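In what follows, chains carry the letters A, B, and so on, assigned in the order in which the sequence lines appear, proteins first and then strands, with residues in each chain numbered from 1. Note that the coordinates shown come from a computational prediction; the quantities given were computed from them, not determined experimentally. Below, each value reflects all heavy atoms present in this structure, side chains not excepted, and no hydrogens, waters or symmetry copies.
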2 protein chains.
Amino acid sequence: MPIKEAVRPGGRSARVQEAVHQAVRELQAVKSRDELTVPQVAEHAGVTPSTIYRRWGNLAELVADVSVERMRPDDDPVDTGTLAGDLQAWGEQYLEEMTSVPGQRALNDVMASADNGRRERCCRYSESLMATLRERALSRGEAAVPSLDRLVDGVVAPMTYRLLYDRESATAANLRRWIARALAVEDVD
Amino acid sequence: MPIKEAVRPGGRSARVQEAVHQAVRELQAVKSRDELTVPQVAEHAGVTPSTIYRRWGNLAELVADVSVERMRPDDDPVDTGTLAGDLQAWGEQYLEEMTSVPGQRALNDVMASADNGRRERCCRYSESLMATLRERALSRGEAAVPSLDRLVDGVVAPMTYRLLYDRESATAANLRRWIARALAVEDVD
DNA sequence: CTCATAAAGCAAATATTTTGCGTTTGTGTT
DNA sequence: AACACAAACGCAAAATATTTGCTTTATGAG
């Protein structure tokens with residue numbers, strides 16, 4: 001067995017997982033979603049198909065697992081000085097990412113997972129980011145900072161909705177409107 | 001004719017489609033999602049597997065097709081006399097439907113479809129319903145009727161978001177809040 | 001270092017999906 | 001009403017994918 005590279009960390013499981021994830025990423029760059037098969041991924045990863053089946057169950061779960069990684073925000077959100085600015089900056093980047101071809105595929109793959117937990121995890125990312133921006137605004141002493149729920153309902157939800165069902169409307173201009181509305185507090189609770 | 005989404009209206013096709021849909025519904029009542037297989041559905045419907053594969057491609061698309069039907073609102077929305085009331089009445093019923101076990105499965109099945117068109121169609125239902133309620137409010141002469149977009153962003157999007165990612169929050173109480181906010185017009189556009 | 005355990009490999013057994021080809025059945029035309 | 005045409009289906013063989021029982025190997029604990 002030719003070893004591709006020095007395998008330092010973790011156990012064998014970790015190595016296999018990484019090899020398989022890597023194989024999926026590489027193959028996805030070349031093949032369309034429904035040309036991808038488990039045996040193919042297995043071979044490319046230097047692994048037996050049964051390993052993949054036992055560990056992930058099926059292709060849908062595997063690609064979902066890979067895509068959920070891809071969606072984790074890697075760097076800290078930029079600080080523009082105001083909550084509105086921070087939201088807009090983050091949102092625009094997120095929209096751009098998710099309307100791209102690979103972004104859309106990742107979104108689809110995650111949504112196709114039978115495992116609700118996986119989907120939820122993916123969206124916790126956005127929520128915890130909202131919480132971060134909100135804390136930041138509070139510590140800056142901004143007035144009228146909306147509740148977390150209001151940010152989620154007012155900004156994340158419409159964004160997600162449009163990304164999933166109406167890509168045309170997932171634009172920076174609309175984002176600006178969602179943010180403006182969410183920040184117009186005068187609460188009705 | 002590049003894309004064929006419409007099945008031949010009258011004849012054998014329609015009969016086969018109905019038989020297959022029916023078979024899926026009956027089997028789904030008894031078996032969990034991943035016990036369901038194409039050959040099984042085919043037999044139960046008195047049809048050859050290849051027919052199903054050629055027509056729907058795979059099991060995921062088939063069950064999505066069935067579920068999307070299930071989600072079409074069957075009866076006209078009740079008229080409570082006010083837009084707020086109509087929204088609340090419709091929303092509560094919708095939430096109840098979609099948080100039920102079969103409702104959640106239908107939702108999952110639709111989301112798992114690789115065919116974006118199918119997902120979109122499913123959400124057009126809610127949008128056109130919003131349009132209906134809105135027209136009704138206008139013809140009643142209600143003041144401050146929000147735009148369609150605002151209704152979608154303010155009510156449908158949060159509802160959908162919570163149904164998909166945070167079932168606990170998909171409650172009638174929250175619905176009331178979403179509606180109240182959406183109706184507090186003072187627009188910022 | 002040895003042992004127990006969990007995960008992976010291997011290969012045979014199943015199950016599924018795909019495909020070529022002949023037949024049936026609506027649809028539109030004369 | 002009869003005809004031609006094409007879409008959709010059935011059938012069955014071939015190709016793939018998935019499952020499963022058993023063996024082997026790595027890892028971590030004692």
Report task. Report which part of the nucleic acid A/R55 touches: base, sugar-phosphate, or nothing (heavy-atom distance under 4.0 Å, all strands). Result -> sugar-phosphate
Requested in this report: For C/dG9, take OP1 and OP2 only and decide whether either is under 4.0 Å from a side-chain N or O of A/T51.
Outcome: yes
Report task. Quick one: which residue pairs count as a salt bridge (Lys or Arg N to Asp or Glu O under 4.0 Å) with a foot in residues 158-173 of chain A, not counting sequence neighbours? Result -> A/R162-A/D166, A/R162-B/D149, A/R162-B/D153
Query raised in the report: Is the backbone of A/P146 close enough, under 3.5 Å, to the side chain of A/R134 for a donor and an acceptor to pair up by distance?
Result: yes
Report task. Hey, could you give me each pair passing ring pair (Phe, Tyr, Trp, His ring centres under 6.0 Å) that has a residue in residues 122-157 of chain B? Not counting sequence neighbours. Result -> none
Report task. Return yes when atom CD of A/E69 has more than 12 non-hydrogen atoms of other residues, nucleotides or ligands closer than 6.0 Å, and no otherwise. Result -> yes
Report task. Name all residues meeting the side chain to side chain donor-acceptor pair (under 3.5 Å) criterion together with B/E92; count only those two or more places apart in sequence or in a different chain, and write none if there are none. Result -> B/Q88
Report task. Heavy atoms only: give me the nearest B/L83-B/L133 pair and the separation to one decimal. Result -> CD1-O, 3.8 Å
Report task. Please list residues of residues 58-66 of chain A whose heavy atoms come under 4.0 Å from any atom in DNA chain D, ordered by number; otherwise none. Result -> none
Query raised in the report: So do the side chains of A/P77 and A/R136 get within less than 4.5 Å of each other, counting heavy atoms only?
Result: yes
Query raised in the report: Mind checking what makes ring pair (Phe, Tyr, Trp, His ring centres under 6.0 Å) contact with B/Y165, not counting sequence neighbours?
Result: B/Y161
Query - Note: A/R70-A/E97 ion pair, threshold 4.0 Å (strictly below) - result: yes
**Report entry** ring pair (Phe, Tyr, Trp, His ring centres under 6.0 Å) partners of residues 83-112 of chain A, not counting sequence neighbours, each pair once
**Finding:** A/W90-A/Y94
Query raised in the report: For the helix from C/dC1-D/dG30 to C/dT30-D/dA1, what angle lies between the axis at the first five pairs and the axis at the last five pairs, to 10 degrees?
Result: 40°
Report summary line: salt bridge (Lys or Arg N to Asp or Glu O under 4.0 Å) pairs touching residues 20-30 of chain B, sequence neighbours excluded, are B/E18-B/R25
Query raised in the report: Partners of B/D76 by side chain to side chain donor-acceptor pair (under 3.5 Å), sequence neighbours excluded?
Result: none
Query raised in the report: How close or far is atom P of D/dA8 from atom CD1 of B/I52, stated in whole angstroms?
Result: 15 Å
Query raised in the report: Could you give the OH-to-P distance, from B/Y53 to C/dA15, as a whole number of Å?
Result: 13 Å
Requested in this report: Name every residue in residues 33-50 of chain B that has at least one heavy atom under 4.0 Å from any atom of DNA chain C, in order of residue number, or write none if there are no such residues.
Outcome: B/T37, B/V38, B/P39, B/S50
**Report entry** Contact list for residues 104-113 of chain A, test salt bridge (Lys or Arg N to Asp or Glu O under 4.0 Å), sequence neighbours left out
**Finding:** A/R33-A/D109
Please list, pair by pair, any protein nitrogen or oxygen found under 3.5 Å from a nitrogen or oxygen in nucleotides 24-26 of chain D.
from   : atom 1 : to    : atom 2 : distance (Å)
D/dT25 : O2     : A/R12 : NH2    : 3.1

